[in-house]
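Presented below is the structure to which this report refers.
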Amino acid sequence: MFEEWTRRELLYALGAGSAGLIISSSKMMAASASGSVKPITGSWFEFQHHATLEGVDWNPALVRFTTDQWQAKIKEIADAGLDVLVLMSTAVYYRAFFDTTIYPKWKLACADPMEAVLSSADKHNVKFFIGVGFYGDWQSNRTIVDPVANRYRLQSLNELAARYGHHPSFHGWYWPDEAEINPYYSPEFLTYVNTLSKEARRLMPRAPILIAPYGTRIVKPDDQYLRQLDALDVDIVAYQDEVGVRKSKTSETSAFFEGLRSVHDRSQKAKLWADVEIFDCEGEVYKTALVPASFDRVKLQLEAVSPWVDKILVYQYLGMMNQPGTTAFAGSPASAKLYTDYQSWLKSQFRND
């Protein structure tokens, strides 16, 4: 259970720290338990954005991040109230972010970004789900059945557990080759997930496993979907709200997540989380830069999913949010405004409570 704060303690915390807005996520959740809108307590995370056009505003900065900057960014994110980060990938474009025989290593200013972020997360009580991808073409829906890619995924599982598994912040695993639920999972996706999960359970039996499918607007939360949920060897499903990619509207998503809540309650197996897209697209979806959405829209997104989910993660803090004055800035100037607007709202919520 989350520890409880008195009103006096809560208001004191909201007045402490950088810009007077820092507060831990566990205490946020405790304080907002009786409220209608859940706060953001997790985010996706990356060393390079896989879709190059989308990440033009922050990929160059991440290449130049030093060890100190990566560690400062983790502290910044923790101070913003997030306690979970989902590392999207440990490799992309046939280069890896750690020492491995699978691929050559990315040429980054920080020699070991994995060690940098995990060691900082250890200090700041942030839990990482480590993404086992992208081994192969991340844009191909056939990568999940590619035997070479599967061999590399299993090899990376073993290497990542051996090299970084001692970190307390190495909390769980994430399978990043996302599936479209249309309106059910494909048999190939179930095999992909369960193959990785079997090996992950052997290596780190207590580490929870997360997936984040898309197709939320077209899923059928019926008996057939229930059987698939029961068959998937995962602990958490974080469904994309798909507002940022303009597939769904904020006025629609509550009904989608209500249906998912009903089927998850029947399954009583995997937790139901939300993957809320806090970005907008500068122009055409998938072909232009991602930019921070307005907080007015993000607030509607949070309100829509809050009644139905156990936890809200966002896609994503990096690039879309920056604490003003941070030494690890990555993104457009508008990212500081989204950060400030969200934190100001968060502070007002607690004062109103």
Side-chain angles (χ1 to χ4, degrees), residues 1-5 23-45 74 77-88 121 124-131 169-176 178 206-214 216 219 221 229 232 234-244 248 250 253-254 256-265 267-278 298-318 320-321 342-343 345-346 349-350 353:
M1 295 293 293
F2 296 117
E3 62 181 296
E4 295 183 357
W5 273 12
I23 179 170
S24 75
S25 61
S26 63
K27 291 165 184 172
M28 280 199 306
M29 292 298 289
S32 64
S34 61
S36 60
V37 184
K38 287 182 170 65
I40 297 166
T41 53
S43 174
W44 263 254
F45 192 84
I74 297 299
I77 290 171
D79 287 346
L82 284 68
D83 63 2
V84 164
L85 290 173
V86 182
L87 180 60
M88 172 64 81
H124 301 293
N125 300 313
V126 173
K127 298 174 182 177
F128 260 96
F129 288 79
I130 303 299
S169 59
F170 192 149
H171 180 68
W173 299 100
Y174 166 57
W175 311 148
E178 296 164 348
R206 296 183 180 180
I209 294 167
L210 178 148
I211 60 172
Y214 62 101
T216 307
V219 63
L229 266 184
L232 278 169
V234 300
D235 302 288
I236 303 157
V237 184
Y239 297 88
Q240 301 175 31
D241 77 345
E242 301 182 307
V243 172
S248 299
T250 56
T253 52
S254 182
F256 304 154
F257 279 87
E258 181 180 11
L260 291 166
R261 178 79 272 168
S262 67
V263 74
H264 273 257
D265 285 348
S267 174
Q268 295 188 345
K269 186 178 179 183
K271 292 180 181 178
L272 169 56
W273 290 5
D275 173 3
V276 170
E277 297 175 346
I278 60 171
V298 171
K299 181 172 177 286
L300 292 175
Q301 292 173 262
L302 300 179
E303 290 171 346
V305 302
S306 283
W308 315 115
V309 302
D310 302 312
K311 189 176 181 73
I312 295 179
L313 275 60
V314 296
Y315 195 90
Q316 63 179 13
Y317 187 100
L318 272 178
M320 300 302 110
M321 284 185 168
Y342 168 69
Q343 291 286 333
W345 169 82
L346 190 62
Q349 287 295 102
F350 287 125
D353 289 344

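Heavy-atom basis, side chains included; hydrogens, waters and symmetry copies ignored. FYI, the numbering just counts along the sequence from 1. Bear in mind that the values here come from a model prediction, so they are computed numbers and not experimental data.
The two residues G172 and A207 make their nearest non-hydrogen contact at CA-CB, 3.9 Å. Between S43 and L313, the shortest heavy-atom contact is N-CG, 3.9 Å. Between S169 and V126, the shortest heavy-atom distance links the atoms CB-O, 3.2 Å. Contact record, P221 with G259: CB-O, 3.4 Å, taken as the closest heavy-atom pair. Between I40 and L82, the shortest heavy-atom distance links the atoms O-CD1, 3.9 Å. Contact record, A80 with Q343: O-NE2, 3.0 Å, taken as the closest heavy-atom pair.
Considering only residues two or more places apart in sequence or on other chains, S248 meets the side chain to side chain donor-acceptor pair (under 3.5 Å) condition with R217. Scored by the side chain to side chain contact (heavy atoms under 4.5 Å, CB included) test, A304 finds T253, S254 as partners (sequence neighbours excluded). Applying the ring pair (Phe, Tyr, Trp, His ring centres under 6.0 Å) test to F170 and every residue at least two apart in sequence or in another chain returns W173. Under the rule for a side chain to side chain donor-acceptor pair (under 3.5 Å), E277 has no partner lying at least two apart in sequence or in another chain. By the side chain to side chain contact (heavy atoms under 4.5 Å, CB included) test, D235 is found to be paired with R201, P208, I209, residues two or more places apart in sequence or in another chain being considered. Qualifying ring pair (Phe, Tyr, Trp, His ring centres under 6.0 Å) partners for F45, counting only residues two or more places apart in sequence or in other chains: W70, F128. With sequence neighbours left out, H171 forms a ring pair (Phe, Tyr, Trp, His ring centres under 6.0 Å) with F129. The side chain to side chain contact (heavy atoms under 4.5 Å, CB included) check on K269 picks up S267, with sequence neighbours excluded. For Y239, the side chain to side chain donor-acceptor pair (under 3.5 Å) partners are Y225, H264, not counting sequence neighbours. Applying the side chain to side chain donor-acceptor pair (under 3.5 Å) rule to E303 yields the partners K299; only residues at least two apart in sequence or on another chain are considered.
Of the possible polar contacts, one joining the T216 side chain to the Q240 backbone as a donor-acceptor pair under 3.5 Å is found. Remark: side-chain polar atoms of Y342 are not paired, donor with acceptor, to backbone N or O of V298 under 3.5 angstrom. Between the side chain of K38 and the main chain of S306, a donor-acceptor pair closer than 3.5 Å is present. Without hydrogens or angle criteria, D310 side chain to W273 main chain gives no donor-acceptor distance under 3.5 Å.
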Where do L229 and V237 land on the side chain to side chain contact (heavy atoms under 4.5 Å, CB included) test, with the steps shown first? CA-CA 9 Å; L229 266 184; V237 184; 4.2 Å; yes
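Ring geometry for Y174 against W44 counts as perpendicular: the plane angle is over 60°, on a 0 to 90° scale with 30° as the lower cut.
Separation of atoms CD1 (I74) and NE2 (H124) is listed at 8.5 Å; rounding is to 0.5 Å. The CD1 atom of I77 lies 5.0 Å from the CG atom of L85; values are rounded to the nearest 0.5 Å. With rounding to the nearest 0.5 Å, the separation of CG in D275 from CD1 in I312 is 11.0 Å. Between atom CD1 of residue I278 and atom CD of residue Q316 there is a gap of 8.0 Å, rounded to the nearest 0.5 Å. A distance of 5.0 Å separates CD1 in I130 from CG in L87, rounded to the nearest 0.5 Å. Between D265 atom CG and L260 atom CG the span is 11.0 Å, to the nearest 0.5 Å.
Looking only at side-chain heavy atoms (C-beta outward), D241 and F257 come within less than 4.5 Å of each other.
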